[in-house]
Amino acid sequence: MTAIDPPVPGVDRHRLSRRAFLGSATVAGTMGLSGCGSLTGVLGNQNATATTTVQFWTLFSGGDGAAMKSIVERFNDEQPLGDVRIERQRIPWNEYYTKLYTALVADTGPDIAIMHQALMGRFQAMLDPFDDFLGSDTRSHYVPTLYDRMTVDDQQLALPLDAHPIGIYYNRSLFESAGLDPDAPPTDFESFRAACDAIVSETDAHAFASALDPIGMMRTFIAVLNQRGGSLLSDDRNSVAFDGDAGLATAQLFADITGNYGWDVPNADNQRARVAFRDNNLAMIVNGSWYAAVCESIDGFDWGAFKPFIAPDKQRDVTESGSHAIVLPRNPTRSEETTRTAVATAEWITQKNPIWGTTAGHLPAATDALNSNALRDSPLWPKSISIFSEMANDDQFAYLPRAPFNVNEGSTWDFLGDIYAHTVSPKAGISRGAETVQGVIDDVK
């Protein structure tokens with residue numbers, strides 16, 4: 001979906017409390033999803049020197065961190081903007097937004113910073129729009145559905161670095177062992193159910209599992225919920241909307257996967273599914289775009305990915321997605337010249353680096369990177385990135401909502417794991433989850 005979310009009403013940068021703005025600072029569990037967690041430090045090519053320095057804050061580690069380190073070092077070595085150097089500071093994921101908020105309140109923020117699109121509305125009062133610093137053709141350098149998602153309240157509040165949607169990854173060898181065609185993965189619930197039943201019947205492996213950490217389950221829940229015509233929150237994001245028929249049906253599917261269908265065991269241990277998939281004991285798993293790089297790193301592992309349009313009684317083809325973006329933190333002491341240099345740096349980072357796809361596995365938002373030979377010739381392109389690119393072009397992303405609370409707080413979504421593990425019924429679990437989420441919303445209003 002590319003409908004533009006309005007900003008959170010009544011945001012005032014000097015009156016908004018830290019709790020209301022950020023919600024809980026704890027986001028345990030998300031690091032395992034996208035590799036965003038990191039170590040604090042000023043990094044990059046420390047030998048490069050330049051008269052002008054652009055301060056850049058990120059939260060990436062793992063494969064993401066290695067890719068961004070390479071991008072910054074390339075910038076500092078090649079100096080594509082002339083006498084300009086990036087000074088990159090990595091901050092741990094579970095501290096990043098708290099530290100960024102604190103710096104912005106004090107008008108001491110960096111020149112540019114990474115931000116998840118779901119948080120842009122909440123940070124809007126503390127960001128400078130890009131509009132006055134971009135050329136009239138800037139939009140043409142990005143996938144339109146991804147560029148437009150960076151607009152808040154009719155302002156271009158960020159430049160998109162990527163989209164990181166979820167898909168279903170599958171073990172091609174297990175498909176063959178089950179008598180399935182590994183070149184024809186499921187396309188709807190009927191073919192998906194047939195494939196799962198064949199795997200259970202013909203192999204010793206489990207058929208299918210969601211990513212089992214709370215945030216991973218939330219992302220799977222959003223995808224299936226939207227496919228059934230539902231949504232996580234109301235249009236104004238002030239109340240839950242997943243406690244209706246579509247949400248209950250999605251919860252029932254979670255329970256059936258480990259119950260009536262027998263495709264997985266009722267155990268929501270965080271790492272269990274990832275280990276089983278890696279060890280050829282699980283045929284299919286839901287995970288984000290970044291997981292392609294993990295699969296490709298496993299020696300001898302024959303894998304593929306397909307669009308996760310497998311909801312029963314599906315009304316539309318859509319998957320959940322997030323997006324990393326680069327924002328321009330408001331800083332009244334920054335000169336216009338430095339601001340223009342920072343914007344040009346953000347354009348270079350987002351547009352000229354296919355490595356963000358070839359190494360980190362994300363879907364680049366810029367057309368230059370997306371159409372580059374480096375990306376198209378990489379092993380990830382035919383296996384995963386081309387699939388995610390098709391979904392982006394077809395407007396099939398349901399973005400993580402710009403909620404008034406910290407949607408990445410894992411404990412908020414524990415009820416999904418309990419439904420999966422059969423420690424609570426689907427109806428009771430959805431009721432409990434709706435009460436929890438509504439309470440969090442009400443608490444930060």
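Just so it is clear, the values below take in all heavy atoms, side chains as well, and ignore hydrogens, waters and symmetry mates.
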Student: Nearest 0.5 angstrom please: N94 CG to K99 NZ, how far?
Tutor: 9.5 Å

Student: Do T367 and H141 meet the criterion of a side-chain donor-acceptor pair at a distance under 3.5 Å?
Tutor: no

Student: Answer yes or no: is there a donor N or O on one side and an acceptor on the other, between the side chain of S201 and the main chain of A198, under 3.5 Å?
Tutor: no

Student: Would you check if F208 and I168 make a side-chain contact, meaning some heavy-atom pair closer than 4.5 Å?
Tutor: yes

Student: Taking the side chain as everything from C-beta on, heavy atoms only, tell me whether S210 gets closer than 4.5 Å to R219.
Tutor: no

Student: Below 4.0 angstrom, N of the basic side chain to O of the carboxylate: do D368 and K352 qualify?
Tutor: yes

Student: Check F306 against P185 and note the closest heavy-atom contact, atom names and distance.
Tutor: CD2-CB, 3.5 Å

Student: So does D313 pair up with R228, basic N to acidic O under 4.0 Å?
Tutor: yes

Student: Strictly below 4.0 Å, N to O, side chains only: are D183 and R172 in salt-bridge contact?
Tutor: yes

Student: Say whether T53 and E87, considering side chains only, have a donor N or O and an acceptor N or O under 3.5 Å apart.
Tutor: no

Student: What is the distance from atom CD of Q396 to atom CZ of F388, rounded to the nearest 0.5 Å?
Tutor: 12.5 Å

Student: Under a plain distance cut-off of 3.5 Å, with no hydrogens placed, do H116 and N408 share a side-chain donor-acceptor pair?
Tutor: no

Student: So do the side chains of I215 and M218 get within less than 4.5 Å of each other, counting heavy atoms only?
Tutor: yes

Student: Give the minimum heavy-atom separation between L161 and I349, together with the two atoms involved.
Tutor: CD1-O, 4.1 Å

Student: Start with the C-alpha gap between V200 and H206, add the side-chain angles, then the distance that decides, and say whether side-chain contact (heavy atoms from CB on, under 4.5 Å) holds.
Tutor: CA-CA 6 Å; V200 170; H206 297 303; over 6 Å; no

Student: State, without any angle test, whether S384 and Y291 hold a side-chain donor-acceptor pair at a distance under 3.5 Å.
Tutor: no

Student: Does some side-chain heavy atom of F301 sit less than 4.5 Å from a side-chain heavy atom of F277?
Tutor: yes

Student: Run the salt-bridge test on D213 and R272 with the 4.0 Å N-O cut-off and return the result as yes or no.
Tutor: no

Student: Let me see the working for D181 and E176 under side-chain contact (heavy atoms from CB on, under 4.5 Å), right down to the final yes or no.
Tutor: CA-CA 6 Å; D181 182 355; E176 289 181 340; over 6 Å; no

Student: Considering only heavy atoms from C-beta outward, does the side chain of L100 approach that of M115 to under 4.5 Å?
Tutor: yes

Student: Using only heavy-atom distances, determine whether the side chains of Y420 and D264 contain a donor-acceptor pair under 3.5 Å.
Tutor: yes

Student: Let me see the working for H164 and W356 under ring pair (Phe, Tyr, Trp, His ring centres under 6.0 Å), right down to the final yes or no.
Tutor: CA-CA 11 Å; H164 43 266; W356 196 242; 9.3 Å; no

Student: How are the rings of Y170 and F175 set relative to one another: parallel (under 30°), tilted (30 to 60°) or perpendicular (over 60°)?
Tutor: tilted

Student: Hey, can you tell me if F192 and F189 have their rings parallel, tilted or perpendicular (30° and 60° cut-offs)?
Tutor: tilted

Student: Less than 3.5 Å apart, any donor N or O on the side chain of T358 or S378 sitting next to an acceptor on the other?
Tutor: no

Student: With a 4.5 Å heavy-atom cut-off, do L180 and I199 have their side chains touching?
Tutor: yes

Student: Going by atom types only, do D188 and S191 share a side-chain donor-acceptor pair under 3.5 Å?
Tutor: yes

Student: Check whether any side-chain heavy atom of T220 lies under 4.5 Å from a side-chain heavy atom of V286, and answer yes or no.
Tutor: yes

Student: Which pair of heavy atoms, one from G121 and one from R402, lies closest together, and at what distance?
Tutor: N-CD, 4.2 Å

Student: Looking at every non-hydrogen atom in both residues, tell me the closest pair between F123 and L104 and how far apart they are.
Tutor: CD2-CD1, 3.9 Å

Student: Rounded to the nearest 0.5 Å, how far apart are CG of D64 and CD1 of I114?
Tutor: 9.5 Å

Student: Tell me the closest heavy-atom pair linking A273 and L282, and the distance in Å.
Tutor: O-CD2, 3.5 Å

Student: Is the backbone of F75 close enough, under 3.5 Å, to the side chain of E73 for a donor and an acceptor to pair up by distance?
Tutor: no

Student: In Å, rounded to the nearest 0.5 Å, how long is the span from CG of L328 to CG of D111?
Tutor: 8.0 Å

Student: Between N287 and Y169, which heavy-atom pair has the shortest distance, and what is it?
Tutor: O-CE1, 3.5 Å

Student: Is any side-chain heavy atom of L134 less than 4.5 Å from a side-chain heavy atom of E347?
Tutor: yes

Student: If you measure from CG on D153 to CE on M120, what distance do you get to the nearest 0.5 Å?
Tutor: 11.5 Å

Student: Check for a donor-acceptor pair, side chain of N267 on one end and backbone N or O of D269 on the other, with a separation under 3.5 Å.
Tutor: yes

Student: Would you compute the distance between atom CG of L370 and atom CG of N393 and round it to the nearest 0.5 angstrom?
Tutor: 7.5 Å

Student: Assess the side chains of N353 and W348: does a donor N or O sit below 3.5 Å from an acceptor N or O?
Tutor: no

Student: Hey, mind stepping through V84 and Q79 against side-chain contact (heavy atoms from CB on, under 4.5 Å) and telling me if it holds?
Tutor: CA-CA 6 Å; V84 178; Q79 294 189 313; over 6 Å; no

Student: How far apart are the C-alpha atoms of F60 and R88, what are their side-chain angles, what is the distance that settles it, and do they pass the side-chain contact (heavy atoms from CB on, under 4.5 Å) test?
Tutor: CA-CA 11 Å; F60 299 124; R88 177 175 61 105; over 6 Å; no

Student: Would you please classify the geometry between the W413 ring and the F405 ring as parallel, tilted or perpendicular, with 30° and 60° separating the classes?
Tutor: tilted

Student: Can you tell me if Y147 uses its side chain to pair, donor with acceptor, with the backbone of T138 under 3.5 Å?
Tutor: no

Student: Any donor and acceptor pair, going by atom type alone, linking the side chain of S323 with main-chain N or O of D162 inside 3.5 Å?
Tutor: yes

Student: Is the closest side-chain donor-acceptor distance between Q227 and R316 under 3.5 Å?
Tutor: no

Student: Can E320 and Y399 be counted as having a side-chain donor-acceptor contact under 3.5 angstrom?
Tutor: no

Student: How about D302 and N171: does a side-chain donor come under 3.5 Å of a side-chain acceptor?
Tutor: no

Student: Tell me, yes or no, whether the heavy-atom count around D137 atom CG, taken from other residues, nucleotides or ligands under 6.0 Å, exceeds 12.
Tutor: yes

Student: Could you check whether any side-chain N or O of S177 sits under 3.5 Å from a backbone N or O of S173, counting only pairs where one atom can act as donor and the other as acceptor?
Tutor: yes

